[in-house]
Amino acid sequence: MIKQKPTVVIGAGHNGLVAAAYLARAGQAVLVLEAGAHVGGAAATHEFFKGFRVSSVSHLTSLLDPVVHNDLSLARHGLVFAKTHVKSVALAVDQEALVFEGAQLLAGTLSELDRAAFAPFVKRMQRFASVLGRQHGRVPPRLQWDRLIDAWPAARFGLDVRRLGREDMREFLRVITMAIQDVLDEEFSSDHLKGALAMDAVLGTKLGPRSGNTVFSYLHRHSGQGHLGVALPQGGMGAVSQSLAAAARDAGAEIRLNSKVTSLEVSAGAVAAVLLESGERVEASTVLSSLDPKTTLLALLGARHLDTELAQRVHHFRSIGTAAKVHIALSGLPQFRGVQPEHVGERLLICPSAEYADEAFNAAKYQRYSEQPLMELSVPTVYDATLAPPGQHVLSAIVQYAPYDLKGGWEQARAPFEALVMQVLERYAPGIGKLVLATELLTPVDLERQFGMTGGHWHHGELSMDQALMLRPVHGIAQYQMPVQGLFLCGAGAHPGGGVMGSAGRNAAAVVLKRPS
Ligand SMILES: Cc1cc2nc3c(=O)[nH]c(=O)nc-3n(C[C@H](O)[C@H](O)[C@H](O)COP(=O)(O)OP(=O)(O)OC[C@H]3O[C@@H](n4cnc5c(N)ncnc54)[C@H](O)[C@@H]3O)c2cc1C
């Protein structure tokens, strides 16, 4: 039990746990307050049907910060990967699936020209993505420089771009704000390939392949600096959070579950305490919130503590989620059209063309769900027998576009939406319906309710150029320090954004530790 006034971390999502672990390792008394009954937030595993467990929200890692992984000794704290370098398999109903991993094209039918263009394209994008990746572990530059030294972070970013070399630098600057479809049209003719690549640009966003900024979101998705590629943690994503919680506890942090924070108390412009739903008041002069920026600043702190312009900017932070989760307990392994049996456990993509994705996005623009949704499927039980009874399987599907702000609401739309998902799956995996033992649907509204993420948004708020880097979550508060002294943001709504990375938690902890005492 902590005796001295603790540093409080609100939320035991993976970023909150990372921040807690770093602060505790630096000798601070850390208290993590988590609303839910378990740690992990959107990086968790739960049982959705007797004997069947699944990654509750996020289901594959590709961005986990290798520095966090090493610093916090996650392997020693129990993190094991059931599979690394998971391949992407672009499904098709009438032809062989395209299979690729990084710049390697492993199977599928493509023209000679597309085949030749694939590796150079992916490698170029990887070079561009690594420019973003290098920013993950840094505090974003300030737009206003009071001292020359304040210009250094911006200059360093400029140097990273310059280091690409003249040709790549020009191309980086040309494409970074473009729509992914325009770039793909310049490179390839295959709809099948363009659909698969476009999917990486739009997953988790309220953007379509013809929207500006989707090259940026594609690069974010590929900006992981680790060597595991896309990976499946053994025991689901909850295993990542369990290892982080173990690291935090090991360093001395206390994690309290079922402890919902309802507001922050401010005195003389500085944080003084956090107030819990239970009525408890915890005195604290340093508070890190891993909740999204709107919840942190408008609900917990209150707009009265922000100047009017800043409150407006936070209010306008775009955070309408478009991705739902569907979990299916299966009595056997499904077979997918055009997929070799050894590829069923890989990352299966349903997005047969960029046009398909664009039409699917149209529905979301007008607050409807798409009749032809995009899906990212994982059957983790192919590699991880801990998630289901022997011989049986779990299918985890991210289904997009399923907008948070659905016209008419989600309650009456649940059954038809689930039926639609099954119909689409049946097209790609004939007979799958006969294997279904149970299903679970989590719409963005459910995600908001269960995990407290405004809009059920993947990144706690859209990740596009106007809400990224020194503009994340909004300009003026992009360096983790919030406008009230002692309050910091450490979740996906801060730089570098969402995905199970841990970088926001690590950077925020570093800012806290660097404060003059
Ligand atoms: C459908 C979907 C699929 C995704 N798939 C992937 C994927 O495959 N791979 C990937 O890398 N990323 C994926 N993501 C993104 C990723 O899950 C998130 O960006 C990331 O988990 C956010 O982590 P966080 O720690 O910043 O916040 P969160 O995980 O949101 O954690 C916040 C924590 O705060 C707690 N909390 C909320 N309110 C309160 C309160 N008032 N008091 C106390 N505690 C509170 C919550 O319970 C939660 O534990 C996906 C997201 C979605 C929506």
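Values reported hereafter were calculated over all heavy atoms of this structure, with side chains retained and with hydrogens, waters and symmetry mates removed. Order of appearance sets the numbers: ligands from 1, and atoms from 1 within every ligand.
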Chain-and-number sorted residues having a heavy-atom contact under 4.0 Å with ligand 1 are I10, G11, A12, G13, H14, N15, L33, E34, A35, G40, G41, A42, V57, S58, H59, L60, S259, K260, V261, S290, L291, A323, I398, L447, F451, G456, W458, H460, G491, A492, G498, G499, V500

So OG1 of T381 and CZ of R53: to nearest 0.5 Å the spacing works out to 11.5 Å

Residues at least two apart in sequence or cross-chain that pass ring-ring contact (aromatic ring centres under 6.0 Å, His included) with F488, listed by chain then number, are none

Of V344, L387, L333, the one forming a side-chain contact (heavy atoms from CB on, under 4.5 Å) with H393 is L333

**Message:** For Y22, does the six-membered ring have the charged nitrogen or CZ of R25 within the cation-pi criterion, i.e. under 6.0 angstrom from the centroid and within 45° of the normal?
**Reply:** yes

When the aromatic ring centroids of H220 and H459 are compared, is their separation below 6.0 Å? yes

- Item | Centroid separation F417 to W410 less than 6.0 Å | yes

